[in-house]
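Lettering follows sequence order; numbering is per chain, from 1.
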There are 2 protein chains.
Amino acid sequence: MGSLNLNIDRSSPVPLYHQVVQGIEAAIHSGTLAPGSRLDNEIDLAASLNLSRPTMRKAMDELVRSGLLVRKRGVGTQVVSSQVRRHLELSSLFDDLQRVGSKPATEVLSFMHMEADDAAREALQLPKGAKVYHFTRLRTVDGKPLALMENSVRDDIVAMDEASLASRGLYEILRSAGVNFRLANQRIGAVIANAYQAPLLGTTVGAALVTMERTALDDTGRLVETGHHVYRADSYSFEMTLVQR
Amino acid sequence: MGSLNLNIDRSSPVPLYHQVVQGIEAAIHSGTLAPGSRLDNEIDLAASLNLSRPTMRKAMDELVRSGLLVRKRGVGTQVVSSQVRRHLELSSLFDDLQRVGSKPATEVLSFMHMEADDAAREALQLPKGAKVYHFTRLRTVDGKPLALMENSVRDDIVAMDEASLASRGLYEILRSAGVNFRLANQRIGAVIANAYQAPLLGTTVGAALVTMERTALDDTGRLVETGHHVYRADSYSFEMTLVQR
DNA sequence: TTTGTTTGCTTGTCAGGACATAGTCTATCA
DNA sequence: TGATAGACTATGTCCTGACAAGCAAACAAA
């Protein structure tokens with residue numbers, strides 16, 4: 001059974017193990033590999049694709065980590081489930097909305113290049129008197145307000161301006177300026193809409209809001225960005241897949 | 001500099017690569033390896049520990065995945081930061097509270113062995129007429145109410161009773177019955193406390209609550225448990241570290 | 001029938017080698 | 001002085017080979 005039928009292109013710049021990952025992912029999502037079905041053993045699979053066992057294993061390792069496969073020594077490898085959603089990743093709301101086909105728009109409510117306040121200075125571990133870009137934005141989808149976002153960004157990495165923030169996502173801007181995000185610490189909670197938030201979000205005082213605080217590090221260990229966002233609870237929630245290791 | 005000084009015990013049942021992982025983690029958390037410092041290259045490190053390069057790489061791979069290290073081809077490997085919190089994992093609230101030294105208590109508000117309702121049947125993909133354990137619990141910490149939890153559990157895996165639920169966490173019970181959780185799909189949002197929830201949680205109608213819906217799969221692909229929880233927003237939030245891959 | 005043993009299967013761990021590729025630095029040349 | 005080419009370094013990819021360890025089913029003995 002699970003003997004797969006993948007095309008491995010050895011002239012492709014895509015690593016072989018990654019081609020295998022993509023192939024098996026596709027097979028699972030298309031239903032060719034049904035949940036619960038067993039795959040051939042590593043050695044045979046590797047042989048049938050003319051790959052070495054370590055390469056095959058590396059591919060399967062990745063799929064196990066992402067939760068699509070389960071391996072048991074002495075038993076074999078099984079497809080767990082096709083219902084793995086994309087893991088909650090380091091992406092901006094803007095990117096997420098665009099990917100699912102919505103039309104996000106951003107209104108920049110305030111934009112300043114100013115001395116960091118205490119909260120931002122602690123979150124970004126900046127010295128006293130250091131400056132940051134501080135701005136608040138309102139994100140709407142198809143004309144409906146969705147999120148109110150307040151952010152502080154280090155000013156020694158990229159020069160920012162109000163116009164680009166209005167047309168592009170924050171993470172997109174930072175990425176195109178050469179920032180490679182690696183890590184983010186994030187906290188999700190809830191709060192009641194106050195008199196400032198309610199009219200902006202097109203809701204009433206006392207409505208439920210989802211809150212998200214995030215601080216992101218780039219690959220050199222710099223704390224680049226910190227933000228406090230609130231979302232309308234009736235139109236947004238955080239969805240994720242947890243994988244037990 | 002980053003030449004490390006680890007003890008590798010080749011007679012230990014702990015795999016060599018994992019001993020290296022633990023050693024480097026300890027060095028980072030103790031400050032021996034400072035954030036931003038560079039490690040020796042893989043080959044030298046492997047040689048100095050009398051390990052092969054693949055073994056050394058496997059250890060470093062794990063640390064890169066968990067966000068402690070960053071590698072750049074042609075450049076080297078660097079310690080990113082020591083402020084990686086534990087990744088949001090597949091654990092129960094009960095376990096989490098106990099680990100941080102709190103004294104969680106559970107009051108079982110209702111407990112039934114009944115036919116699954118539509119929501120539970122869909123979440124657990126059960127046939128019509130299948131039975132589940134359905135129960136609601138109130139979790140308090142040091143006498144203060146924290147969470148109101150409603151769960152449905154398949155009844156063909158483990159026999160449950162009200163008494164054990166009152167003294168142990170749900171996941172603890174299921175784990176000790178041989179269930180190995182692998183995956184969970186989870187959604188976090190917000191809502192306003194209603195007239196049923198408010199008195200139980202010791203708050204007022206209209207207070208902010210964090211909601212969490214979760215469906216968990218075990219390693220055989222069975223959908224074992226689904227639940228809908230609400231937490232007092234003033235005493236609970238979800239904290240996590242996201243790693244960019 | 002039950003219990004212990006063996007055998008074979010599959011994944012887990014580890015070694016050593018080879019070449020590719022992407023950065024960085026230096027030396028050279030215009 | 002500035003740009004370019006090359007050497008060097010470190011990680012990325014891929015291979016072959018070997019043995020260990022856990023699991024299950026078949027088998028043998030009580």
Side-chain angles (χ1 to χ4, degrees), chain A residues 1-4 6 8-24 37-65 68-80 178 180 182 219-220 245, chain B residues 1-4 6 8-24 37-65 68-80 178 180 182 219-220 245:
Chain A
M1 39 188 66
S3 60
L4 292 176
L6 307 178
I8 301 297
D9 178 4
R10 299 193 85 96
S11 69
S12 161
V14 177
L16 301 181
Y17 69 88
H18 198 250
Q19 292 186 39
V20 176
V21 169
Q22 292 175 323
I24 296 181
S37 63
R38 277 224 318 284
L39 284 117
D40 281 352
N41 68 63
E42 300 172 351
I43 311 215
D44 291 352
L45 274 180
S48 73
L49 295 174
N50 285 313
L51 297 171
S52 70
R53 188 180 161 215
T55 301
M56 195 64 214
R57 259 186 85 74
K58 175 151 188 172
M60 296 173 83
D61 270 345
E62 239 176 71
L63 292 162
V64 167
R65 274 204 309 278
L68 287 169
L69 298 182
V70 170
R71 288 192 289 204
K72 278 192 194 138
R73 186 191 305 203
V75 181
T77 305
Q78 235 183 331
V79 179
V80 172
N180 298 307
R182 262 316 108 107
D219 57 2
T220 64
R245 287 175 300 192
Chain B
M1 40 191 70
S3 60
L4 291 178
L6 307 178
I8 301 297
D9 177 5
R10 299 192 85 97
S11 68
S12 162
V14 177
L16 301 182
Y17 69 88
H18 199 251
Q19 292 185 39
V20 176
V21 168
Q22 293 175 323
I24 296 181
S37 62
R38 278 224 320 283
L39 277 81
D40 281 352
N41 68 63
E42 300 173 350
I43 313 218
D44 292 351
L45 273 180
S48 74
L49 296 175
N50 286 312
L51 298 172
S52 70
R53 189 182 164 211
T55 301
M56 194 66 214
R57 259 186 86 73
K58 175 149 188 172
M60 295 174 83
D61 271 346
E62 243 178 66
L63 292 162
V64 167
R65 275 204 310 278
L68 287 169
L69 298 182
V70 171
R71 286 191 290 202
K72 277 189 197 141
R73 185 191 308 205
V75 181
T77 305
Q78 232 182 335
V79 178
V80 172
N180 298 306
R182 262 317 108 108
D219 57 2
T220 64
R245 284 175 304 192

What's the verdict on side chain to side chain contact (heavy atoms under 4.5 Å, CB included) for Leu69(B) and Gln78(B), showing C-alpha distance, side-chain angles and the deciding distance?
CA-CA 6 Å; Leu69(B) 298 182; Gln78(B) 232 182 335; over 6 Å; no
Winner on side-chain proximity to Ser52(B), out of dT11(D), dC14(C), dT10(C), is dC14(C)
Please determine whether a side-chain nitrogen or oxygen atom of Thr77(B) lies at a distance below 4.0 Å from atom OP1 or OP2 of dA10(D).
no
Verdict with reasoning, Leu45(B) to Leu49(B), per side chain to side chain contact (heavy atoms under 4.5 Å, CB included)
CA-CA 6 Å; Leu45(B) 273 180; Leu49(B) 296 175; 5.5 Å; no
In whole Å, what is the span from the CZ atom of Arg73(B) to the C1' atom of dT11(D)?
7 Å
Rounded to the nearest angstrom, tell me the gap between atom CZ in Arg65(A) and atom P in dT11(C).
17 Å
Considering only side-chain heavy atoms of Leu16(A), which listed nucleotide, dA24(D), dC15(D), dA21(D), is closest?
dC15(D)
Contact nearer the 5' end of DNA chain D, comparing Leu51(A) with Lys72(A):
Leu51(A)
Figure out the CD/C1' separation between Gln78(A) and dT11(C), and round it to whole Å.
14 Å
Nucleotide dT13(C), atom C1' - distance to CE of Met56(B) in whole Å
16 Å
Just N and O in the side chain of Lys58(A): are any of them under 4.0 Å from OP1 or OP2 of dT13(D)?
yes
Round to the nearest Å and state the distance from Asp44(A) atom CG to dG8(C) atom P.
17 Å
Touch class at under 4.0 angstrom, heavy-atom based, for Asn50(B) against every strand present
sugar-phosphate
Any side-chain N or O of Thr55(B) below 4.0 angstrom from OP1/OP2 of dA15(C)?
yes
Please check the phosphate of dA15(C) (OP1 and OP2 only) for any side-chain N or O of Arg10(B) closer than 4.0 Å.
yes
Measuring only between side-chain heavy atoms, which start at C-beta, is Val14(B) closer than 4.5 Å to Gln22(B)?
yes
Donor-acceptor pair present, Arg53(B) side chain and dG12(D) base, under 3.5 Å
yes
Touch check for Pro15(A), heavy atoms < 4.0 angstrom, all strands: base, sugar-phosphate only, or nothing?
sugar-phosphate
Tyr17(A) side chain N/O closer than 4.0 Å to the phosphate oxygens (OP1, OP2) of dT13(D)?
yes
If you round to the nearest 0.5 Å, how far is CZ of Arg53(A) from CD1 of Ile43(A)?
5.0 Å
Within this structure, what is the CZ-to-C1' distance between Arg71(A) and dC9(C), rounded to whole angstrom?
16 Å
Test applied, side-chain contact (heavy atoms from CB on, under 4.5 Å); reference residue, Thr77(B); option that passes from Arg71(B), Lys72(B), Arg38(B):
Arg71(B)
In whole Å, what is the span from the CD atom of Glu42(A) to the P atom of dA21(D)?
18 Å
Taking Gln19(B) for the side chain and Asp9(B) for the main chain, is one N or O donor matched with an acceptor at less than 3.5 Å?
yes
Is there a side chain to side chain contact (heavy atoms under 4.5 Å, CB included) between Leu68(B) and Met60(B)? Walk through the geometry before answering.
CA-CA 9 Å; Leu68(B) 287 169; Met60(B) 295 174 83; over 6 Å; no
Answer yes or no: does a side-chain N or O of Arg57(B) lie under 4.0 Å from OP1 or OP2 of dG12(D)?
yes
Between the first and last five pairs of the helix from dT1(C)-dA30(D) to dA30(C)-dT1(D), the angle of the axes, rounded to 10 degrees
10°
Grab the CG-P distance between Asp61(B) and dC14(C) for me, whole Å please.
14 Å
Do the side chains of Arg65(A) and Arg65(B) get nearer than 4.5 Å, heavy atoms only?
yes
